[in-house]
Amino acid sequence: MPVTANTSVAAFEPPALGEPYLLTPGPLTTAYSVKQAMLRDWGSWDGDFRAMTAELRNRLIVLTGDTKGEFDCVPIQGSGTFAVEAMLGSFVPKDGKALVLANGAYGLRAAQTLQYLGRAHTLIDKGDYLPPRGDEVAAALDADPAITHVVVIHCETSSGILNPVAEISQAVYAKGRKLLVDSMSAFGAIPLDVNEIRYEAMVSSANKCIEGVPGFGFVIARKSELEAAKGRSHSLSLDVHAQWAYMNKTGQWRFTPPTHVVAAFLEALKLHEEEGGIAGRGARYVKNRDVMVAGMRELGFETLLKDRWLSPIIVTFFCPADGNFAFDRFYELMKDKGFIIYPGKLTVVDSFRVGCIGRMDEHVMRRVVEAAGQSLKEMGVADAAPPAIAIAERAKLAA
Ligand SMILES: *Cc1c(COP(=O)(O)O)cnc(C)c1O
């Protein structure tokens, strides 16, 4: 279905009959033309597919704002975690040490990955959602001269917080260290421009804000760091340098590429460009979030995060205090109405999440709110207000 620049996003086609919208942070609802792009087989060694791989890499580099040819893009088969593991194993030297900034599941997973890799690391753990700040990163780097790299999660998808990567990057480079960014759930919708935020490497995947289907991730890294990564990886299949060198030499992936996923991703990249690139995509997600959050607040729901920390990617809501509310039942009622929501990941209070990304617009988000209101009625929940303990928890986060 053709979508041209400035076409109202209301023109988005709904998912196929009976298919729910995925209000989840990937896999997510994709365009019909993205799915359609998979209806063809490609030979991985063939020139046509090699050209597709080259186009994919070039288009992704353009999204970083690199105009000096300082960065390169290396796709890696597997889900996003494979690409994170590839990045950490390839860029943190065996005698290096990483400082991981954790405020949720993905930060903790990065630390766990370093543990598996046998790389020295330390952690600033802010708990379920509190953001790591530049000054505490600076203090940690002063206190431990052995730290060579800092790992930050751009949007911590487990709470939906947008972490302050710009101030963290400043702190890291002011102390002469290097930054690695997990921008999995942010890249493509939130700028990570190499001319504005300094970093050595970042990672994202096909099935998040570019709105492709799952099957590969990609590392975008400074070429000097790619060169330096030679022989460093713990893993044959996750060796970023080896994949990069082979791809540059042959135009091919080292091992069987997810050909259909690549074809779908190229179509997704074209739709991304037509929508106005990162700015256009980000603006739609912001609108999705604003409409959805305003409507949910009218129903009495409250967000975990104060507005300045809310990402346009996914939003955490507290479960209502009302004894008639049960998340499992709410989930089923929402699904009956065509919307798949996401369980929460907070350890202290009950919560759930609603994603704002994927092939949907504010009109869909209004229907999400209607469905939530209707589901509350069916459960006999008069008011969606959270328990006092949730409000007390939230008070920990400065405005
Ligand atoms: C999705 C995501 C990942 C990767 O998760 P997979 O399930 O392996 O795709 C990593 N980091 C963040 C912040 C994410 O949102």
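Numbering of ligands and ligand atoms starts at 1, following listing order.
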_Using a 4.0 Å heavy-atom cut-off, which part of Asp182 comes near ligand 1: side chain, backbone, both, or neither?_
side chain
*Give yes or no for whether the N/O distance cutoff of 3.5 Å, strictly under, is met between Ser79 and ligand 1.*
yes
*Pick from Glu211, Glu267, Lys35: which one makes a side-chain hydrogen bond (donor to acceptor under 3.5 Å, both in side chains) with Thr30?*
Lys35
*Charged N to carboxylate O under 4.0 angstrom, Lys178 versus Glu225?*
yes
_Please classify the Ile153 to ligand 1 contact at 4.0 Å (heavy-atom distances, strictly less than): side chain, backbone, both or neither._
side chain
*asked:* Let's go through Leu269 and Ile210 carefully: what are the C-alpha distance in whole Å and the side-chain angles of both, what is the deciding distance for side chain to side chain contact (heavy atoms under 4.5 Å, CB included) to 0.1 Å, and is it a yes or a no?
replied: CA-CA 6 Å; Leu269 278 169; Ile210 307 290; 3.7 Å; yes
*Less than 4.0 Å between a side-chain N and a carboxylate O, is that true for Glu55 and Arg59?*
yes
_Show me which atoms of ligand 1 lie under 4.0 Å from any heavy atom of Ser185._
15 (O)
_Atoms of ligand 1 close to Gly80 [distance to a heavy atom under 4.0 angstrom, numbered from 1]_ = 4 (C), 6 (P), 8 (O), 9 (O)
*Centroid-centroid under 6.0 Å between Phe352 and Tyr342 rings*: no
*Under a heavy-atom criterion of less than 4.0 Å, does Glu156 contact ligand 1?*
no
*Could you tell me whether ligand 1 has any atom less than 4.0 Å away from a heavy atom of His154?*
no
*Tell me whether the centres of the aromatic rings in Phe216 and Phe265 are closer together than 6.0 Å.*
yes
*Atoms in ligand 1 flagged as close to Thr81, the criterion being non-hydrogen separation under 4.0 Å*: 4 (C), 5 (O), 6 (P), 8 (O)
_What protein heavy atom lies closest to atom 3 (C) of ligand 1? Include the residue and the distance to one decimal._
Met184 CG, 3.3 Å
*Go through ligand 1 atom by atom and flag the ones less than 4.0 Å from a non-hydrogen atom of Lys208.*
1 (C), 2 (C), 3 (C), 14 (C), 15 (O)
*Who's the nearest protein heavy-atom neighbour of atom 13 (C) of ligand 1, and how far?*
Thr157 OG1, 3.3 Å
*Do Thr24 side-chain atoms and Pro27 backbone N/O form a donor-acceptor pair below 3.5 Å?*
yes
*Please state whether the rings of Phe330 and Phe301 are parallel, tilted or perpendicular, taking 30° and 60° as the class boundaries.*
tilted
_I need the contact type for Cys155 against ligand 1. Using non-hydrogen atoms and a strict under-4.0 Å cut-off, is it side chain, backbone, both or neither?_
backbone
